[in-house]
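So the structure is just underneath, and the comments pick up after that.
Side chains included, hydrogens not; waters and symmetry mates left out as well; all remaining heavy atoms used.
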Amino acid sequence: MLLAKFAGVMLFIAGSGASLLAKTREERRRATHQIASTGLFIAWCGGFALATLSAIPLTELWILLGLGLSLAAHVVVVSAAERGAGRLHVVAFAALILGILAAMIFRPVFGA
C-alpha cells in the first residue's frame, strides 16, 4: 500500500508539474486529467487503505489537512490547465504542496 501511495504521489506531482510547464492548452489538459488526476486518485486510495490498516481515524487533523490541501492543489492545476499557467499558479501549487508535506511530517491532531 505504501508503494502504491508513493507511486500515486509521484504521478500527481509529475502530472501537475508537466501541466504547469506545458506550452499548449491540449498538453496542459492531458497532463492534468490523465496523469495528475490519476495520481491523486491512487494517492488518496493508498492513503485511505494505509489509514484503515493502521487503525488511524480519518478524522485526524493531519489527514484532513492532507486531503483538503491536495484537493486545493489539484484545483490550482485544473485552473492552470484551462487558463494557462501563470506565476500565481506555480506559487500557489508549491505552497499547497509544502503545506501537505508539513501536515504529513508534523502530524498535528485535534486536542493536542
| Thinking salt bridges, do R29 and E82 make one under a 4.0 Å N-O criterion? | yes
| note | Scanning both residues in full, the closest heavy-atom pair of S19 with A31 reads N-CB, 3.7 Å
| task | Let me see the working for S70 and W44 under side chain to side chain contact (heavy atoms under 4.5 Å, CB included), right down to the final yes or no. | result | CA-CA 9 Å; S70 65; W44 276 22; 3.0 Å; yes
| request: Dump the intermediate steps for side chain to side chain contact (heavy atoms under 4.5 Å, CB included) on L101 and M104, then the final yes or no. | output: CA-CA 5 Å; L101 287 173; M104 296 295 159; 5.7 Å; no
| Are L88 and V90 in one and the same hydrophobic cluster, where Ile, Leu, Val, Met, Phe, Trp and Tyr link if side-chain heavy atoms are under 4.5 Å apart? | no
| note | For G15 and I35, the nearest pair of non-hydrogen atoms, with its separation, is CA-CG2, 3.5 Å
| query | Can you hop from L2 to L11 via hydrophobic side chains spaced under 4.5 Å? | reply | no
| note | Minimal heavy-atom distance between T32 and H74, with the atoms involved, is O-CE1, 4.1 Å
| task | Check A73 against F12 and note the closest heavy-atom contact, atom names and distance. | result | CB-CZ, 4.1 Å
| Crowded around M1 CE? As in, over 12 foreign heavy atoms under 6.0 Å? | no
| task | Would you check if the side chain of H89 reaches a backbone N or O of G86 as a donor-acceptor pair within less than 3.5 Å? | result | yes
| request: Please test L67 against F48 for side chain to side chain contact (heavy atoms under 4.5 Å, CB included), starting from the C-alpha separation and ending with a verdict. | output: CA-CA 10 Å; L67 288 171; F48 285 133; 4.1 Å; yes
| query | What's the shortest heavy-atom distance between R28 and A81, and which atoms? | reply | NE-O, 3.4 Å
| field | From CD (E27) to OG1 (T24), nearest 0.5 Å | value | 3.5 Å
| message | Tell me whether L40 shares a hydrophobic cluster with W62, the cluster being built from Ile, Leu, Val, Met, Phe, Trp, Tyr side chains joined at under 4.5 Å. | response | yes
| hydrophobic_cluster_shared for L71 and I100, side chain cutoff 4.5 Å | yes
| query | Which distance, rounded to the nearest 0.5 Å, do you find between the CG of L58 and the OG1 of T52? | reply | 5.5 Å
| remark: In terms of heavy-atom contacts, A103 and L65 come closest through CB-CB, 3.9 Å
| Taking a hydrophobic cluster as the set of Ile, Leu, Val, Met, Phe, Trp and Tyr residues connected by side-chain heavy atoms closer than 4.5 Å, whether directly or through intermediates, do I13 and V76 fall within one such cluster? | yes
| message | Using the side-chain hydrogen bond (donor to acceptor under 3.5 Å, both in side chains) criterion, which residues pair with R107? Sequence neighbours excluded. | response | none
| request: Might you work through the side chain to side chain contact (heavy atoms under 4.5 Å, CB included) test for V91 and R87, ending with a clear yes or no? | output: CA-CA 6 Å; V91 170; R87 178 171 282 221; 4.2 Å; yes
| What distance separates C45 SG from L50 CG, expressed to the nearest 0.5 Å? | 11.5 Å
